[in-house]
2 protein chains.
Amino acid sequence: MAGSAQRTRHATIFDVAKLAGVSHQTVSRVLNGHPNVREATREKVREAVAQLRYRPNLAARAMVNRRSRNLGLLTTGSPDYGPSSTVSGFTRAARTAKYSVTISTAVDAEPASLQASLDLLLGQQVEAVVLVLSRMEILRGLQGVEFETPVVAVEPSGLSPWPSISIDHYGGARLATDHLIELGHREILHLAGPSNSMDATERSRGWRDTMSEHGLVAHPPVTGDWSPSSGYLGGRELLCRHPGATAVFSANDQMAVGCLHALRESGRSVPEDVSVVGFDDVPEAEHLEPPLTTMRQDFFQLGEDIMELVLATLSDAPAAPPVRHVPELIVRASTRRR
Amino acid sequence: MAGSAQRTRHATIFDVAKLAGVSHQTVSRVLNGHPNVREATREKVREAVAQLRYRPNLAARAMVNRRSRNLGLLTTGSPDYGPSSTVSGFTRAARTAKYSVTISTAVDAEPASLQASLDLLLGQQVEAVVLVLSRMEILRGLQGVEFETPVVAVEPSGLSPWPSISIDHYGGARLATDHLIELGHREILHLAGPSNSMDATERSRGWRDTMSEHGLVAHPPVTGDWSPSSGYLGGRELLCRHPGATAVFSANDQMAVGCLHALRESGRSVPEDVSVVGFDDVPEAEHLEPPLTTMRQDFFQLGEDIMELVLATLSDAPAAPPVRHVPELIVRASTRRR
DNA sequence: CGGCTATGTGTTAGCGCTAACATCAGCCGG
DNA sequence: CCGGCTGATGTTAGCGCTAACACATAGCCG
């Protein structure tokens, strides 16, 4: 195994050329799979490449053809299940497409800070930037920021000025609410995600629309910040305001965990007294007390959808209307017919 | 706001030079903060830079001074709390140090696949590679892979041939076990992480050593894969094997969730019959039934520690013996004196 | 058999930048 | 008042690579 900090000068295309006894341009042709190179020559070059452990310098290559095969990703770096799964789904899809991904985390939503994060990406000559717009302020902070690069947003509303893609949070919320209505619930409360989150807004909208379409009253939701603690606090307030409610739709599983805590504390049992539906299907969901009914999202699919949109944008293809995949309802023990 | 896919040719240093009425080299000097430039000239250049929205091409800069200000990160891309928090802690620390981070996910532990992931990073001219060695196979798969780049490993054993850093999993596990022993428990079971995980191995070692130092029998642990489901299965098996045990130390919180499920199912209550300690302090821990006693890790600190080690390695500094920070015991309701 | 294309290969220029050297003022002391 | 110094600038070369062109050689047609 190689030592640690050795920084030997890499072999260049000229070293390879000399060893193979050809010109550097012929080496370049072999590297880039051009035709019009004799098979024998091709073989000689490949041998020299292997022998010298030659690896093309992508910075040099990028300078010439203005393609870095590098994509930028701007995120808030929150360890929440949704955003972090989105990131790993996308990096995987990018790797499959032979792109590397440079990540930049926005420490806050200040324009200056966002600008700095973006500068870091743009400086790395990314071909496109993927914005994971988990919070509305990020979008606002990005107003006035100039992009010299194609941009793709991961965001459900379509409000951003860029081509966007995301999970169909609205549709997922509708399915969740439908499930509760079908079970006979009428007073269905909503524990919403932060109002600055577009995902949360879509989920709330899905709940509200479904309620009103069934002629049910949608009590004003309580807003959390995705965290279990906020779900606990929000759950308590919701119960205090509407003691007769029989169901809660939580905008994510983490808040649902907190909500279950609050319900337990108030002496209510789930699902006998109150049914609860979450959103995300975190791995824990199955093992909570009680196992949580929730909406499962396919993040690998999302990652591939993002990549597809990036590729379409890069090739200036007429962006096909994005397919926003709908989460799947996973029924467990936290919901019951009333 | 800028349009989406416009790909205007960027201004170069020559454009700035012409506008400011100086030579490109003077622009370069201003950009790099060299002395020996008149303040008036400096100002002219800065104005031209602003006016043209000029942004230096880091690829070109990297070619000349062989510094890309870009670091590579190789990870498995698992959405587990530990690894993903490590990644976000590190990207944050890197940003603070004005480095960008290019992420590559290893799809599997095959040498060929690892090699491909690394090639992607090395191709991006990273100055150093950070390996998040969550699994032993990755280390094995990396045998024989050549690095032309300084490498830093995030790994607790020190078994890898590179400078390494990590949380002190061993110490954390000792604290967790000590806590249970102090509460009077004698038969303390261990729900271990996957045997291919070095973090898991360290945590198990900490538990075993502490047990034996107190003259207690360390029953062979059951091994999970970090997931709640494996914790559930493992918990069941552990209970079946040792029905009289009064405490369980789970190698992470997620498995502890599954273990709580198994305990509940077997009719045992926590902490009355059995005490449980987890590891990680995931945000949910506080709101589980019962709230979980666990070991909290500081991932931002870890991110900074990694960055420090990277910087030391890059500057060929005599690597100071790494400080491995010890997790903090957070006592909640899942443990009780017996 | 001169001129044609097709095929393989080499040569040159230039991507945007910085290091190193060159230049040219202005200033000082002898 | 000249050699040498200092500070501010310009000029040149070259990082590693690919596109574009140049140039051989071979094969084929009229």
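Just so you know, these numbers come straight off a predicted model, no measurement behind them. The sequence lines fix the lettering, A, B, ..., with proteins before strands; numbering per chain opens at 1. These numbers come from the heavy atoms of this one structure, side chains and all, not from hydrogens, waters or symmetry mates.
- Contact annotation for A/Pro35: no contact, since no heavy-atom pair falls under 4.0 Å across all strands.
- B/Ser100 pairs by the side chain to side chain donor-acceptor pair (under 3.5 Å) definition with A/Gln124, B/Asn70, not counting sequence neighbours.
- Screening residues 86-96 of chain A for side-chain hydrogen bond (donor to acceptor under 3.5 Å, both in side chains), with sequence neighbours left out, gives A/Arg95-B/Ser117.
- Sorted by first and then second residue, the ring pair (Phe, Tyr, Trp, His ring centres under 6.0 Å) pairs with a member in residues 76-97 of chain B read B/Tyr81-B/Phe299; sequence neighbours excluded.
- Applying the 6.0 Å contact sphere to CD of B/Glu308 captures no more than 12 heavy atoms from other residues, nucleotides or ligands.
- Residues forming a salt bridge (Lys or Arg N to Asp or Glu O under 4.0 Å) with A/Glu137 (at least two apart in sequence, or on another chain): A/Arg135.
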- Item | Protein-to-nucleotide contact annotation, 5' to 3' order, nucleotides 21-26 of chain D [B base; S sugar-phosphate only; - none; under 4.0 Å, heavy atom] | ------
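- Over its length, the helix from C/dC1-D/dG30 to C/dG30-D/dC1 turns its helix axis by 60°, as judged from the five terminal pairs at each end, rounded to 10°.
- Atom CE in B/Met63 sits roughly 11 Å away from atom C1' in C/dT18 (whole-Å rounding).
- A donor N or O paired with an acceptor N or O is not found under 3.5 Å between the base of D/dT9 and the side-chain atoms of B/His34.
- Regarding contacts with the backbone of C/dG8, a side-chain N or O of A/Asn36 is found under 4.0 angstrom from either OP1 or OP2.
- For B/His24 and C/dT18, the NE2 to P distance is 9 Å, given to the nearest whole Å.
- Here the C1' atom of nucleotide C/dT9 and the CZ atom of A/Arg38 are 9 Å apart, to the nearest Å.
- The side chain of B/Val64 has C/dC17 as its nearest neighbour among C/dC17, D/dC17, D/dT9.
- Between A/Thr41 and C/dT9 there is a side-chain N or O to OP1 or OP2 distance below 4.0 Å.
- If you take CG of B/Asn65 and C1' of C/dG16, they are 12 Å apart, rounded to a whole angstrom.
- Between the side chain of A/Glu127 and the backbone N or O of A/Ser68, at least one donor-acceptor pair lies under 3.5 Å.
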- Message: If you apply the rule side-chain contact (heavy atoms from CB on, under 4.5 Å), what do you find for A/Ile103 with A/Thr75, and how did you get there?
- Response: CA-CA 8 Å; A/Ile103 297 212; A/Thr75 166; 4.0 Å; yes
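- Under 4.0 angstrom from either OP1 or OP2 of C/dC15 there lies no side-chain N or O belonging to B/Asn57.
- For A/Arg42, no side-chain nitrogen or oxygen approaches OP1 or OP2 of C/dG8 to under 4.0 Å.
- Applying the ring pair (Phe, Tyr, Trp, His ring centres under 6.0 Å) rule to pairs touching residues 103-135 of chain A yields nothing, sequence neighbours excluded.
- When the salt bridge (Lys or Arg N to Asp or Glu O under 4.0 Å) test is applied to B/Glu43, the partners found at least two apart in sequence or on another chain are B/Arg46.
- An OP1 or OP2 oxygen of D/dT18 is reached within less than 4.0 angstrom by a side-chain nitrogen or oxygen of A/Arg61.
- Looking at residues two or more places apart in sequence or on another chain, you find no salt bridge (Lys or Arg N to Asp or Glu O under 4.0 Å) involving B/Glu47.
- Each ring pair (Phe, Tyr, Trp, His ring centres under 6.0 Å) pair with one or both residues in residues 12-53 of chain B, not counting sequence neighbours, appears once here: B/Phe14-B/His24.
- Looking at residues two or more places apart in sequence or on another chain, you find a salt bridge (Lys or Arg N to Asp or Glu O under 4.0 Å) between A/Arg42 and A/Glu39.
- The side chain of A/Ser28 contributes no N or O atom lying less than 4.0 Å from OP1 or OP2 of D/dC17.
- Counting to the nearest Å, the C1' atom of C/dC15 and the CG atom of A/Leu58 are 15 Å from each other.
- Across residues 13-23 of chain A, A/Val22, A/Ser23 each have a non-hydrogen atom less than 4.0 Å from an atom of DNA chain C (numbered order).
- The B/Arg66 side chain lies nearest to D/dG16 when the options are D/dA8, D/dG16, C/dC17.
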